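All of these numbers come straight from a predicted model, not from anything done at the bench.
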Amino acid sequence: SYASITMAAGRFGGRCLKTVWDGSVQYCLSSRSLSAPTSTFSFGLAVQMSAFSESPFVWLLDPTGAYQFCLRTDSLGNLIACRASARNAQTDLGRPGAPGLHANTWPYIEVEGVIGDSGAVRVYVDGAKVLDLSGVDTQQQANTQIGIIQLGYTSTSATYLFDDLYVIDSAARLGERKITVLTLTADVAKA
């Protein structure tokens with residue numbers, strides 16, 4: 001992280017990741033390694049943005065940390081699937097025809113994909129398919145794998161909230177998820 005990353009109230013009363021650009025640094029990112037590298041993937045997350053920018057907010061990196069794929073918006077809230085060669089360098093693969101996101105709301109976004117020179121990407125917003133690309137070059141690096149997911153944004157004066165994230169090694173989305181934490185309700189053991 002190179003800016004403020006904290007926890008905040010999430011969609012359903014739990015906690016979510018809050019990223020706030022402080023105006024003085026170039027990016028605010030949180031990374032997580034996947035359990036094993038994969039060429040096929042699906043991820044889903046709820047995201048609330050106070051404003052839109054041209055910056056990606058989800059990146060998939062290969063196992064060595066080199067950028068491979070990203071999801072970004074334009075200034076109107078249109079989602080754009082991209083091949084990424086660096087944090088701020090991407091090649092757009094496709095976008096839906098109408099703005100898909102609205103500021104200060106909680107859409108649930110899911111992406112299914114295959115990394116390869118003849119790959120595929122499908123994007124869903126609140127369960128509706130908004131983008132379906134096949135036979136597109138989704139492979140930025142020499143290998144066809146991803147191993148790290150990054151959430152955040154670069155150089156924009158906005159607050160982003162991320163909640164209910166899942167990532168799997170299959171191009172078969174799970175549908176909207178709500179992640180809950182089970183906690184003890186008593187201090188007496190029961191069989």
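A side-chain hydrogen bond (donor to acceptor under 3.5 Å, both in side chains) with Ser39 is found for one member of Asn143, Thr138, Thr144 and no other, namely Thr144.
In the hydrophobic clustering of this structure, Val125 groups with Val167; members are Ile, Leu, Val, Met, Phe, Trp, Tyr whose side-chain heavy atoms approach within less than 4.5 Å, directly or through other members. In this structure, Val136 is a member of the same hydrophobic cluster as Val123, with clusters built from ILVMFWY side-chain heavy atoms closer than 4.5 Å. Ile80 and Val111 sit in two unconnected hydrophobic clusters of ILVMFWY residues. Membership requires side-chain heavy atoms under 4.5 Å apart, directly or through other members. Put simply, Trp106 and Phe52 are part of two different groups of oily side chains (I, L, V, M, F, W, Y) that touch within less than 4.5 Å, one to the next. Under the 4.5 Å side-chain heavy-atom criterion for grouping Ile, Leu, Val, Met, Phe, Trp and Tyr, Phe162 is connected to Leu101 within one hydrophobic cluster.
Of all non-hydrogen atoms in Asp92 and Arg72, the two that sit nearest each other are OD2-NH2, 2.9 Å. For the pair Val130 and Pro96, the tightest heavy-atom approach, listed with the atom from each and the gap, is O-CB, 3.3 Å. Residue Gly10 comes nearest to Asp163 through the heavy atom pair CA-OD2, 3.3 Å, listed as atom of the first residue, atom of the second, then distance. Pairing each heavy atom of Val114 with each of Phe41, the nearest pair is N-CE2, 4.1 Å. The two residues Ala103 and Ser50 come nearest to each other via the heavy atoms CB-O, 3.7 Å. Scanning all heavy atoms of the two residues, the minimum distance from Leu131 to Gly94 falls at CD2-O, 3.6 Å.
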With side chain to side chain contact (heavy atoms under 4.5 Å, CB included) as the criterion, how do Leu165 and Arg32 come out once you've worked through the C-alpha distance, each side chain's angles and the decisive distance to 0.1 Å? CA-CA 11 Å; Leu165 169 70; Arg32 177 80 175 158; over 6 Å; no
Run the side chain to side chain contact (heavy atoms under 4.5 Å, CB included) test on Ile115 and Gln68 for me, step by step, so that the C-alpha distance in whole Å, both residues' side-chain angles and the decisive distance to 0.1 Å come before the verdict. CA-CA 8 Å; Ile115 300 295; Gln68 189 83 284; 3.7 Å; yes
Test salt bridge (charged side-chain N to carboxylate O under 4.0 Å, His left out) applied to Arg11 and Glu176, step by step: CA-CA 12 Å; Arg11 291 193 302 164; Glu176 185 171 342; 2.7 Å; yes
Go through Thr40 and Ser170 one step at a time and tell me if the side chain to side chain donor-acceptor pair (under 3.5 Å) criterion holds. CA-CA 5 Å; Thr40 60; Ser170 167; 5.7 Å; no
After noting the C-alpha distance and the side-chain angles of Glu112 and Val121, does the key distance pass the side chain to side chain contact (heavy atoms under 4.5 Å, CB included) rule? CA-CA 6 Å; Glu112 299 173 327; Val121 176; over 6 Å; no
Test log, rule side chain to side chain contact (heavy atoms under 4.5 Å, CB included), inputs Ile168 and Phe43: CA-CA 6 Å; Ile168 59 173; Phe43 68 85; over 6 Å; no
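The OG atom of Ser42 sits 7.5 Å away from the CZ atom of Arg122 when rounded to the nearest 0.5 Å. With rounding to the nearest 0.5 angstrom, the CG atom of Leu161 is 12.0 Å from the CG atom of Leu151. Considering CG of Leu60 and SG of Cys70, their distance stands at 8.5 Å, rounded to 0.5 Å. The distance from atom CG of Asp126 to atom CD1 of Ile109, rounded to the nearest 0.5 Å, is 8.5 Å.
Both cation-pi conditions hold for Lys178 and Phe12: the charged atom is under 6.0 angstrom from the six-membered ring centre and inside a 45 degree cone around its axis. Judged by the 6.0 Å distance and 45° axis criteria, Arg173 is positioned over the aromatic ring of Tyr124.
Between Asp137 and Arg83, some side-chain heavy-atom pair lies under the 4.5 Å cut-off. The side-chain heavy atoms of Thr73 and Asn78, taken from C-beta on, include no pair separated by under 4.5 Å. Contact annotation: the side chain of Asp164 never approaches that of Leu45 to less than 4.5 Å [non-hydrogen atoms, C-beta and beyond]. Side-chain contact between Ile148 and Leu34 is absent, with no heavy atoms from C-beta onward closer than 4.5 Å. In this structure, Thr159 and Lys18 have side chains that are in contact, with non-hydrogen atoms separated by less than 4.5 Å. In this structure, Pro56 and Gln90 have side chains that are in contact, with non-hydrogen atoms separated by less than 4.5 Å. By the 4.5 Å heavy-atom criterion applied to side chains, Val47 and Phe57 are counted as neighbours. Side-chain contact between Arg177 and Tyr108 is present, with at least one heavy-atom pair separated by less than 4.5 Å.
In this structure, the side chain of Glu110 engages the main chain of Gly175 through a donor-acceptor pair within 3.5 Å.
Contacts of Thr64 classified as side chain to side chain donor-acceptor pair (under 3.5 Å), with partners at least two apart in sequence or in another chain: Asp62. Under the rule for a side-chain contact (heavy atoms from CB on, under 4.5 Å), the partners of Gln150 that lie at least two apart in sequence or sit in another chain are Leu29, Ser31, Trp59, Leu61, Tyr67.
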